[in-house]
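Just below is one structure, and these are the notes that go with it.
Counting from 1, the numbers follow the sequence of the chain as shown.
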Amino acid sequence: MFDFPDIRIRLGDYAEAVVQWLRETFSAFFDFIFQIGVSTINGINDVLEFFPWWLFILIVVALGWYLQKWSSGLLYGLFIFIIGTFNYWSEMMTTLAIIMSAVIVCLIIGVPIGILMAFSKWFSIIMRPILDAMQTMPSFIYLIPAIFFFGLGNVSAIFATIIYAVPPVIRLTELAIRGVSSSMVESAQSFGSSKGQTLWKVQLPQAIPTIMAGVNQTTMMALAMVVIASMVGARGLGEDVLIAINTVNFSLGFEAGLSIVFIAIIIDRLTSGVANKIQRHRRVTS
């Protein structure tokens, strides 16, 4: 009476069968996505490595100076220089290429979905529990379908990162569009603007600061997946952290981990600086 009855619901077997069917039916599609992923990562990585180390540091310093203040730019440049002294320059570029690829795809997918959720109540109702599940699911789970569809490598890392990191930009895009003043929307419509014109000329410009906050959160979540994605063969700084864990190498782990922290600080401050810059520009123009 105290033992649970011998009832087995093989829900996992059904899920595996669905994934297997998708892999077999749409194998050409997944191969196409794989090739695009490889080309994107390699392209971004080649662009980043095209710059000499000193020019890349100067660009980071200039961005920090422009978006925040000169002392911030110098600090970010120092962070990048320290990563180079750890002999992690190439790994840093690979990590940035993975993050940038994932964030670009997240924006391409997330912003339109957020706009649709803002305009469709029923679509929003359907998507919210899906987004809740995506955010609460342990991030390691996303590695399983990534390996299943794309094998080991950076493409699997991007796939898992997108699933993990896309919810914030979707949610904040919906929130931003819904938060635009109804009087502004009504004014635009009273002057004969269509829904599309109102969206592009009124709602999106007003929503950009909040959307940028979503971009910031998505970027930070993508960076958080760097170490986890190394378990599926992703290169970069996460791979060094994984090696340090497996070999109990504190020195290697400390330097690789500190490099990830430096990159996280720089990305967080620069994306926040973009949002603040847009917000200040709106206040001046208004």
Taking the six-membered ring for Trp, are the ring centroids of Phe56 and Phe51 within less than 6.0 Å of each other? no

Considering all heavy atoms of both residues, which atom of Ile80 and which atom of Trp89 are nearest to each other, and what is their separation? CG2-CZ3, 3.5 Å

Pair Glu49, Ser90 - check side chain to side chain contact (heavy atoms under 4.5 Å, CB included), show working. CA-CA 8 Å; Glu49 292 190 343; Ser90 179; 3.5 Å; yes

Applying side chain to side chain donor-acceptor pair (under 3.5 Å) as the test, list every pair that has at least one member in residues 30-45; sequence neighbours left out. none

Minimum-distance pair of heavy atoms, taken over all atoms of Ile267 and Met220: CG2-SD, 4.4 Å

Give a yes or no answer on whether the side chain of Thr218 reaches the backbone of Val215 with a donor-acceptor pair at less than 3.5 Å. no

Inter-residue atom distance Leu78.CG - Ile57.CD1, 0.5 Å rounding: 9.0 Å

If every non-hydrogen atom of Tyr88 is compared with every non-hydrogen atom of Ser259, which pair is closest and at what distance? CD1-OG, 3.6 Å

Under 3.5 Å, side chain of Asn216 to main-chain N/O of Asp268, donor-acceptor pair present? yes

Should Gln217 and Arg171 be marked as a side chain to side chain donor-acceptor pair (under 3.5 Å) after you check the CA-CA gap, both sets of side-chain angles, and the distance that decides it? CA-CA 11 Å; Gln217 293 300 310; Arg171 290 186 183 276; over 6 Å; no

Considering non-hydrogen atoms only, spot the tightest contact between Ile163 and Met134 and give its length. O-CE, 3.2 Å

Are the side chain of Ser72 and the backbone N or O of Gln68 linked by a donor-acceptor pair below 3.5 Å? no

Aromatic ring pairing Phe262/Phe79, orientation class (parallel under 30°, perpendicular over 60°, tilted between): parallel

Does atom CZ (Phe29) have a neighbourhood of more than 12 heavy atoms from anything else shown, all under 6.0 Å? no

Evaluate the side-chain proximity of Gln203 to Phe119: yes if any heavy-atom separation is below 4.5 Å, no if none is. yes

Rounded to the nearest 0.5 Å, what separation is found between the OG atom of Ser101 and the CD1 atom of Ile44? 3.5 Å

Cluster overlap Leu175 with Ile177, hydrophobic side-chain contacts below 4.5 Å: no

Any donor-acceptor N or O pair under 3.5 Å, side chains Ser124, Glu174: yes

Matching residue for Gln20 among Glu16, Arg23, Glu24 - test: side-chain hydrogen bond (donor to acceptor under 3.5 Å, both in side chains): Glu24

Starting from Val248, walk the hydrophobic network (Ile, Leu, Val, Met, Phe, Trp, Tyr; side-chain heavy atoms closer than 4.5 Å) and list everyone else you reach, by chain and number. none

Between Ile211 and Ala176, what is the shortest heavy-atom contact and its length? CG1-CB, 4.0 Å

Out of curiosity, does Leu107 fall in the hydrophobic cluster containing Leu172 (side-chain heavy atoms, cut-off under 4.5 Å, transitive links)? no

Hey, quick one: are Ile265 and Ile83 part of the same hydrophobic cluster, counting side-chain heavy atoms closer than 4.5 Å, chains of contacts allowed? yes

Classify the ring geometry of Phe81 against Trp53: parallel below 30°, tilted from 30° to 60°, perpendicular beyond 60°. tilted

Apply side chain to side chain contact (heavy atoms under 4.5 Å, CB included) to residues Ile263 and Leu237 and explain how you reach the verdict. CA-CA 10 Å; Ile263 293 176; Leu237 294 170; 3.5 Å; yes

Quick check for you: to the nearest 0.5 Å, what is the distance between Ile98 atom CD1 and Met93 atom CE? 13.5 Å

Thr94 side-chain N/O to Gly236 backbone N/O, donor-acceptor pair under 3.5 Å: no

Sequence-distant partners of Arg269, side chain to side chain donor-acceptor pair (under 3.5 Å), two or more places apart: none

Going through the distances and angles, do Phe150 and Ile33 end up as a side chain to side chain contact (heavy atoms under 4.5 Å, CB included)? CA-CA 9 Å; Phe150 303 109; Ile33 296 297; 3.9 Å; yes

Does a side chain donor of either Tyr164 or Gln135 reach within less than 3.5 Å of an acceptor in the other side chain? no

Is there a chain of hydrophobic side chains (I, L, V, M, F, W, Y, each step under 4.5 Å between heavy atoms) that links Phe250 to Val241? yes

Roughly how far, to the nearest 0.5 Å, is the OG atom of Ser120 from the CD1 atom of Ile115? 13.5 Å

Pairwise side-chain contact, Phe123 with Ile113, heavy-atom cut-off 4.5 Å (strictly under): yes

All heavy atoms of Ala146 vs all of Ser156, minimum pair found to be O-OG, 3.1 Å

Just do the side chain to side chain contact (heavy atoms under 4.5 Å, CB included) check on Tyr142 and Ile162 with the steps written out, would you? CA-CA 10 Å; Tyr142 300 134; Ile162 290 170; over 6 Å; no

Supply the atom-to-atom distance Asp240 CG to Asn87 CG, rounded to the nearest 0.5 angstrom. 9.5 Å

What residue among Ile125, Ile126, Leu131 forms side chain to side chain contact (heavy atoms under 4.5 Å, CB included) with Met117? Leu131

Path from Phe50 to Ile41 over hydrophobic side-chain contacts below 4.5 Å: no

Distance (rounded to the nearest 0.5 Å) between Phe254 CZ and Phe86 CZ: 6.5 Å

